[in-house]
Amino acid sequence: MRKVLVAAAALGTLMILEVPSHAQGFRIGPGGVEIDDGRGYREERDERRYRRMCRDLRDRCENKDIYGEEGQGNCRRYRRMCG
């Protein structure tokens, strides 16, 4: 019982004190728990994901005969989303 009280007191102390580690943002969503420490990693990751998506769409548009696709769906989507 004493260990539980000590742990609760330590946790309470950490929650009350304003320490830099509490300046972090966190989000719980479909992708799991994400911690944002304000260094811009999230923006860089989103930018890489966007570039990869555009690269894949361009490849699908230019090589649709190789992939066996028909129509203009990927090309239209590429022009609309990636400019």
Notebook entry, point to check: Counting N and O atoms only, with roles assigned by atom type, does the side chain of Asn63 sit under 3.5 Å from a partner on the main chain of Asp59, one being a donor and the other an acceptor?
Noted result: yes

Item checked: Asn74 vs Glu69 side-chain heavy atoms within contact, under 4.5 Å -> yes

Check: OH/Tyr78 to CD/Glu62 distance, rounded to the nearest 0.5 angstrom?
Finding: 7.0 Å

Check: So, do Cys61 and Arg58 sit near enough that their side-chain heavy atoms are less than 4.5 Å apart?
Finding: no

Margin query: Just verifying a value: how many Å separate Arg80 CZ and Leu57 CG, rounded to the nearest 0.5 Å?
Written below: 9.5 Å

Next item on the list: Would you give the length of the straight line joining atom CZ of Arg48 to atom CZ of Arg45, rounded to the nearest 0.5 angstrom?
Entry: 8.0 Å

Item checked: From Cys82 atom SG to Arg51 atom CZ, the distance as rounded to the nearest 0.5 Å -> 12.0 Å

Margin query: Is the terminal nitrogen or CZ of Arg60 (NZ for Lys, CZ for Arg) located under 6.0 angstrom from the six-membered ring centre of Tyr67 and within 45° of that ring's axis?
Written below: yes

Item checked: Lys64 NZ to Glu70 CD distance, which is reported to the nearest 0.5 Å -> 9.5 Å

Next item on the list: Can you measure from CZ (Arg49) to CD (Glu44) and round to the nearest 0.5 angstrom?
Entry: 13.0 Å

